[in-house]
Amino acid sequence: MKHSLIALVEDNPDDEILTLRALKKHGIANDIVVLRDGVEALAFLLAPDQPLPHLVLLDLNLPRISGLEVLQRIRGEARTALLPVVILTSSNEEQDLIEGYRLGANSYVQKPVDFVQFSEAVHQLGLYWLVLNQHPQR
Amino acid sequence: MNILSRAASLRWRLPLLILMLLASIGAAFTWTAYLEMRHALRRAADERVQGAAAQLADILAQSAASRAAESRRLAADAAVRRLVFTGQDAEAAMAVLRAAGQRVPEATVRVRVRGDGAVLRLVGENVVLERSPEGLDTGEPSPVEGVGPLRLNEGRVSYRATAMIQPQSGETGTAVGFVSIERPLTSSSSVRVIERLIGSGAVLKFGNAEGDLWTDLSVPVERPPVVTPGAATVSFADDQGTKHLGTQVRIAGTPWSAWVNFQEASFMEPAATLVRRMLPWTLAFILIGVVAIGLVSARITTPLEQMAKAAEAIASGDYSRRVPVIGENEIGRLGAAFNVMAARVGESRDALEERVKARTEELSQSREELDQFFSMSLDLLCIASVEGQFTRVNPAWEHVLGWTSADLTAIPYLTLVHPEDAALTARESEALADGETTSMFENRYRCRDGTYRWLSWKAAANLDRGLVYAAARDVTEEKRVARALHQYTAELTAANRELEAFSYSVSHDLRAPLRSIDGFSQALLEDCGARLGSGGEEHLRRIRSAAQHMGRLIDDLLKLARVTRADMHFETIDLSEMARTTLAALSEAHPDRAVQWRVQPGLTVTGDARLLQIAVTNLLENAWKFSGKRAQAHIEFGIREDAGQAPEYFVSDDGAGFDTAYASKLFGAFQRLHHSGDFPGTGIGLATVQRVVLRHGGRVLAQGAVDGGATFSFTLQPEPQS
């Protein structure tokens with residue numbers, strides 16, 4: 001796997017640990033930057049001096065600025081408009097799904113309760129987005 | 001009664017007219033005959049008069065002529081001439097003269113000679129012989145040869161017939177003398193003779209044509225009153241007024257004219273006689289004619305009279321009157337037709353009366369019904385003037401508002417309207433008066449007890465009558481209910497929104513901790529599994545299982561909530577296709593299972609696609625799950641249609657089935673009839689199915705037997721009302 005930067009936007013510390021564990025387990029142990037709310041996320045992603053991640057794993061249920069709003073904002077900036085964003089959330093509400101895609105998410109994955117499944121999902125995601133998928137910024 | 005007036009009976013008019021006709025004919029005839037007769041008589045009379053005059057003239061002419069001839073004879077007589085020229089033989093001459101004188105009674109023969117010598121005047125009986133030395137003129141008018149005019153001589157009318165004694169032959173010169181015979185006209189015998197010849201009743205005269213002396217052959221008389229030209233007859237009246245017919249004729253050879261006149265009456269009498277004779281016959285004829293006509297006309301007028309009377313009787317209501325039909329002529333036909341007509345009139349009148357009776361009954365019935373309707377109606381019915389006054393109200397007003405009819409008709413209705421609604425009500429009344437109709441207009445009316453009630457109005461005006469016809473419904477309750485409904489709807493909407501928020505938060509907030517529990521348990525298992533030992537591993541596995549189960553519960557609950565909340569979009573859905581797809585997916589997901597499934601094709605319904613998919617999926621997954629113990633399972637999806645009922649769709653399996661004793665619990669949320677060890681599940685699936693079906697207006701049914709399979713069926717529309 002190429003050396004990639006993953007941005008994980010997640011406010012729940014448990015989910016953070018579990019996600020990182022899953023990434024590590026499947027060898028997607030690239031650089032991972034964890035952003036704990038919408039404000040941090042925007043500050044990082046939109047900062048011109050910060051490196052652009054290769055993949056953003058975005059939780060929706062964030063304090064202060066919600067995930068969807070973050071998405072909307074970064075899609076609004078030329079720099080981050082084409083950034084691959086995978087929404088990774090507990091919700092399977094139709095509303096969130098539609099809104100997510102509408103605002104320009106590349107993918108929407110529901111976090112299963114079962115950790116084994118969760119781990120597998122993360123593996124698949126990493127595999128796909130960091131290895132298989134082509135991206136213009138590469 | 002004026003027989004000639006228009007109102008007079010035909011019975012009398014007809015004969016009268018015939019009478020008048022006949023009378024006029026008779027009179028005309030008689031008159032014409034009379035006139036004709038008179039004309040003829042007149043002509044005859046004319047002839048007669050003229051004839052008589054001519055006769056008279058002839059007679060007189062003859063008489064005069066004979067005198068004149070006599071005088072000429074005497075003038076030429078030898079003896080006379082001897083005497084005249086020689087003066088001798090006077091005796092002989094005298095004898096001749098005397099003889100001549102005797103022949104004519106009362107005549108005077110006069111001979112006068114011119115000559116010298118002594119006057120010889122011989123006067124004998126009627127003879128005068130004179131010799132006048134002076135000449136022939138002796139103061140008397142000169143003699144004229146021929147017949148002289150009449151002259152009055154010593155009270156008697158006479159004339160002279162004169163003949164000149166001519167000189168001897170060979171001598172020229174004037175007459176030597178003359179012989180004249182003077183004839184007095186006194187003899188009445190000649191009158192009688194003439195009368196006999198001419199006929200009695202005539203008035204005879206003759207006289208000088210140029211003079212005034214006239215005689216009736218005996219005495220002088222007046223000259224005739226008229227001088228007729230030529231010989232025409234003339235009609236004249238005398239002093240007494242009697243009509244005469246006369247004529248005057250010149251008597252030839254004399255200077256006279258003769259006159260004859262008759263009394264008209266004498267010769268017109270036949271005409272009068274004719275009329276006198278004819279009149280009775282004419283009258284008789286007329287009378288007979290009238291009687292005959294009267295009889296005949298009676299044959300006409302009597303039936304007509306009968307018909308007239310019968311018609312009057314019928315007109316006044318006696319429809320049974322008929323006329324006797326006599327004969328086959330027009331009268332008879334008329335009579336027959338009249339009878340037929342009378343019969344028809346009677347029939348139709350009877351029929352009409354029946355109809356009128358029936359109609360009146362209908363009318364009074366419907367009247368009653370309408371009255372009943374008006375008074376029984378629970379709606380407030382009223383009639384009001386366009387000016388705003390009730391004219392009639394039904395009892396409902398008293399029941400609902402407490403006002404009596406007397407109360408309501410006494411005041412303008414606007415006074416009972418709630419002050420806030422008064423202006424709008426007034427405007428609506430105006431619109432009504434302009435011809436618009438009111439429907440669903442609401443206002444508040446004050447009740448007797450001071451409270452207000454809401455009324456919903458429907459009204460229309462009859463502009464010709466100036467009346468408004470209105471019906472009001474007491475909608476106070478409805479309004480209250482509507483308000484409550486509104487409130488409940490608001491609450492429901494609020495509740496729904498809360499539920500939505502709740503679901504949303506559940507999606508996120510409840511799942512996360514479960515993930516942690518599961519995740520860290522797994523982490524513990526992986527990292528420290530060996531140290532924990534099999535017991536510890538088993539605990540962790542149970543922890544993980546519980547967390548995952550809770551996750552599933554949350555998912556199902558969310559699904560159920562979504563089914564409850566979701567808007568339904570109805571469209572035509574191929575249920576068969578849906579079932580097929582679902583079963584195919586199940587087969588693919590569980591290749592180890594041997595399931596024979598069958599879907600009845602062509603099942604289309606109208607419903608919400610997503611909800612139906614959830615229901616179908618739930619039912620088929622259940623069937624799949626509960627037939628898991630069968631080596632060869634059979635699942636069927638189909639339809640059962642009974643006449644008069646909504647079509648039933650079913651999913652049947654030959655799996656574990658269920659105990660029908662607990663069937664009532666099947667559709668409750670979280671209710672499970674099997675141990676989770678046997679068949680895992682949350683117990684929400686069927687509740688979800690029920691929720692979907694209920695939202696489509698249908699119902700669910702379950703049939704099963706323990707270890708005997710189960711059939712779950714549902715309808716998607718309400719049962720048709722029977």
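Chain A is the first sequence line, chain B the second, and so forth, proteins listed ahead of strands; every chain is numbered from 1. Everything numeric in this text was worked out from a predicted model, so none of it was measured.
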Check whether [X] gets within reach of chain B through its side chain, its backbone, both or neither, counting any heavy atom under 4.5 Å.
X	answer
A:Asp114	both
A:Glu94	side chain
A:Pro112	backbone

For this session: Look at B:Met550, B:Arg552, B:Gln548 and state which one has the largest set of heavy-atom pairs under 4.5 Å with chain A.
Result: B:Gln548

For this session: Among the options B:Pro513, B:Ser516, B:Gly551, pick out the one with the most heavy-atom pairs lying under 4.5 Å from chain A.
Result: B:Ser516

Exercise. Any donor and acceptor pair, going by atom type alone, linking the side chain of A:Asn133 with main-chain N or O of A:Tyr128 inside 3.5 Å?
Worked result: no

Exercise. When you measure from the side chain of B:Ser521 to the backbone N and O of B:Ile517, does any donor-acceptor pair fall under 3.5 Å?
Worked result: yes

For this session: Nearest 0.5 Å please: distance from the CZ atom of A:Arg75 over to the CD atom of A:Glu77.
Result: 12.0 Å

Problem set entry | chain B contacts, top residue of A:Thr89, A:Ile17, A:Leu60, A:Asp15 (heavy-atom pairs, under 4.5 Å) | A:Asp15

For this session: Go through the steps to decide whether B:Asp653 and B:Ser627 satisfy the test side-chain hydrogen bond (donor to acceptor under 3.5 Å, both in side chains), and finish with yes or no.
Result: CA-CA 7 Å; B:Asp653 65 82; B:Ser627 58; 5.3 Å; no

For this session: Taking the side chain as every heavy atom from C-beta outward, state whether B:Asp527 and A:Arg21 have any atom pair closer than 4.5 Å.
Result: yes

